[in-house]
Amino acid sequence: MRPAPEDPALSPLSARASPPLKGRVRVPGDKSISHRALIFAALAVGETRISGLLEGEDVMRTANAVRALGAGVERVGEGRWRVHGVGIAGFAAPRTPLDLGNSGTGCRLLLGAVAGAPIAATFDGDASLRQRPMRRVLDPLERMGAQVLSVGEGGRLPLTLRGALDPIPIVYEPPVASAQLKSAVLLAGLAAPGETVVIEPAATRDHTERMLRHFGAEVRVEPMGAHGRRITLKGQPELVPQPIAVPADPSSAAFPLVAALIVPGSELVLEAVMMNPLRTGLVATLLDMGAQIELLEPRSEGGEEVAELRVRASALRGVEVPPQRAPSMIDEYPVLAVAAAFGEGTTRMRGLAELRVKESDRLAATAAGLIANGVEVLIEGDDLIVHGKGLVPGGGAIATHMDHRIAMAFLVMGLAARKPVAVDDTAFIATSFPDFLGLMRRLGAEFG
Ligand code: S3P
């Protein structure tokens, strides 16, 4: 059960109107790539060196889990890790349940990896993760030969999965656009003979495909329909360790980026932010809204596009965000809604059904937070509509529901609202952006 708001175990905080944010910062490593780096390294034979790993709680859960599955995992410096992989299907049965904490990505990707190994493992998580749907991943994994030995009501954690002795390659069309689901099937497909195919209804982040290739697997990607892709993996490759440099996380950069847009007089440079085109929906939308964001020194680092982002405080206007853009900015809607509240005019964000099954129901939590701070907002079907008035009264109290991005989005709102904005718990920020408060304070943000 969630603790009551007055619970002393919570870490509440408020953010207040701040002087212009100034400086040059690098946000931590990308969460999606960090999870994948550890998991692929564990499935390769030999030693993989990782730099720039996000040392947030979610990724540390994945590190502990791959260690419990038999891989050697060692921290050798800040963000620098060495992993001794055991090879595809080489996992050992863990002696205790794998506790993935708050992390949907760690849990779903590891379900896929375990489905291709001849072992049984129990998966569990915190109260937020125990609410999230796992059936969507278990269905295709069962088709591939894995067995669900036990599972919570409604297909939820805790659950025990027995991997397939002889995994079966499948052709799978996920019912939702989800990179986690795609990745789980591809990870199980590594252990299957022949070709495993995932046909996505809309292209989702492709870090799994990129990393598979980086480690020497054969992956074909073909466009399908208007927005989709057909991904074909040739099974049973030998994954060869390769160095991995994790670029800065655009989903974390989103918070100082929006803060700089809404706090008058701000000017920031965000260094080496990953600009993978399947992750840049927020930047595209903010540019449509009139944001002053310059992409400087675009280049490739460690197999991903990166650039410096120079951001200046801007007058924003309302826009319509098309549903096809959702996969490329799925984690950025709470902070986009905050930006929209400071803009002039209506922003309609369409096709947000998946937001209901994130670390919290983000559609409800975002709308409730905006309303609590005097912003006019509406949920219509799966659309979120924000009526921006150029200023936000603030003064609201935010229930974060164990959700790091809800906490950070509303702290950002408080930096430019008329009255301070209070969030009930900052503890979960450590899952993805442990030094968020320190970094924001160094730029001039005032919390207390
Ligand atoms: C992620 C995929 C997205 C995203 C999550 C990270 C990934 O989830 O919300 O934060 O690393 O694959 P879905 O695949 O469920 O949309």
Side-chain angles (χ1 to χ4, degrees), residues 28-40 53-54 56-59 61-62 100-113 125 128-129 131-140 155 172 174-187 198 200-212 227 229 231 246-247 249-255 274 276 278-282 304 323-336 351-363 365-366 382 402-406 408-409 428-429 431-433:
D30 187 67
K31 184 152 73 72
S32 293
I33 295 183
S34 295
H35 284 293
R36 286 162 175 80
L38 291 168
I39 295 170
F40 281 104
L53 191 83
L54 167 63
E57 282 174 12
D58 276 11
V59 175
R61 296 285 180 162
T62 291
L100 277 310
N102 196 247
S103 179
T105 307
C107 184
R108 297 205 178 103
L109 268 56
L110 283 168
L111 282 168
S128 156
L129 194 56
Q131 293 288 321
R132 299 182 65 187
M134 295 295 153
R135 240 309 128 208
R136 50 172 65 186
V137 187
L138 299 178
D139 284 342
Y172 184 61
V176 286
S178 161
Q180 293 178 3
L181 182 43
K182 163 176 70 179
S183 302
V185 172
L186 292 174
L187 280 160
V198 179
E200 296 193 282
T204 62
R205 64 191 70 195
D206 61 355
H207 310 303
T208 294
E209 296 90 309
R210 288 180 189 231
M211 209 172 284
L212 279 167
H227 308 287
R229 285 187 172 178
I231 299 137
V246 182
D249 193 330
S251 299
S252 295
F255 299 103
M274 179 170 54
N276 178 315
L278 294 167
R279 298 286 299 279
T280 50
L282 176 72
E304 293 281 1
Q324 307 84 267
R325 203 176 282 167
S328 68
M329 55 177 298
I330 194 66
D331 292 333
E332 279 69 81
Y333 284 100
V335 80
L336 173 63
L352 307 190
E354 277 295 297
L355 286 200
R356 298 185 205 272
V357 291
K358 295 296 176 188
E359 286 81 332
S360 69
D361 176 345
R362 281 190 184 151
L363 197 50
T366 302
D382 296 331
M402 306 177 79
D403 189 327
H404 54 135
R405 298 200 202 279
I406 295 297
M408 288 186 278
F428 286 86
I429 293 174
T431 60
S432 67
F433 198 161

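Remember, it's 1-based here, ligands and their atoms both numbered in the order they're listed. If you read the sequence from its start, that first residue is 1, and numbering goes on from there.
- On a distance-only criterion, Glu354 and ligand 1 share no N/O pair closer than 3.5 Å.
- The pair Asp206-Lys182 fails the salt-bridge criterion, with no side-chain N (NZ, NE, NH1 or NH2) lying under 4.0 Å from an Asp/Glu carboxylate O.
- Here Arg205 has side-chain heavy atoms under 4.0 Å from ligand 1, and that is the only part of it that gets that close.
- Geometrically, ligand 1 and Lys358 share a nitrogen or oxygen pair separated by less than 3.5 Å.
- The closest non-hydrogen atom to atom 12 (O) of ligand 1, taken over Lys182, Arg36, Arg108, comes from Arg36.
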Could you please spell out the steps behind the side-chain hydrogen bond (donor to acceptor under 3.5 Å, both in side chains) verdict for Glu57 and Thr431? CA-CA 4 Å; Glu57 282 174 12; Thr431 60; over 6 Å; no
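- Of the N or O atoms in Ile330, none lie within a sub-3.5 Å distance of an N or O in ligand 1.
- Atoms CZ and CG, on Arg356 and Leu363 in that order, are 5.0 Å from each other to the nearest 0.5 Å.
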Yes or no on salt bridge (charged side-chain N to carboxylate O under 4.0 Å, His left out) for Arg405 and Glu359, after CA distance, side-chain angles and deciding distance? CA-CA 9 Å; Arg405 298 200 202 279; Glu359 286 81 332; 5.3 Å; no
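- Geometrically, ligand 1 and Ser183 share no nitrogen or oxygen pair separated by less than 3.5 Å.
- Ser32 OG, 2.7 Å is the protein heavy atom nearest to atom 11 (O) of ligand 1.
- In summary, Arg36 and Glu304 do not engage in a salt bridge, as defined by a charged side-chain N under 4.0 Å from a carboxylate O.
- The pair Asp331-Lys31 fails the salt-bridge criterion, with no side-chain N (NZ, NE, NH1 or NH2) lying under 4.0 Å from an Asp/Glu carboxylate O.
- Put simply, the side chain of Asp382 does not reach to within 4.5 Å of the side chain of Glu354, judged on heavy atoms.
- Counting only heavy atoms of the protein, atom 10 (O) of ligand 1 lies nearest to Asp331 OD2, 2.7 Å.
- Among protein heavy atoms, atom 6 (C) of ligand 1 sits closest to Thr105 OG1, 3.3 Å.
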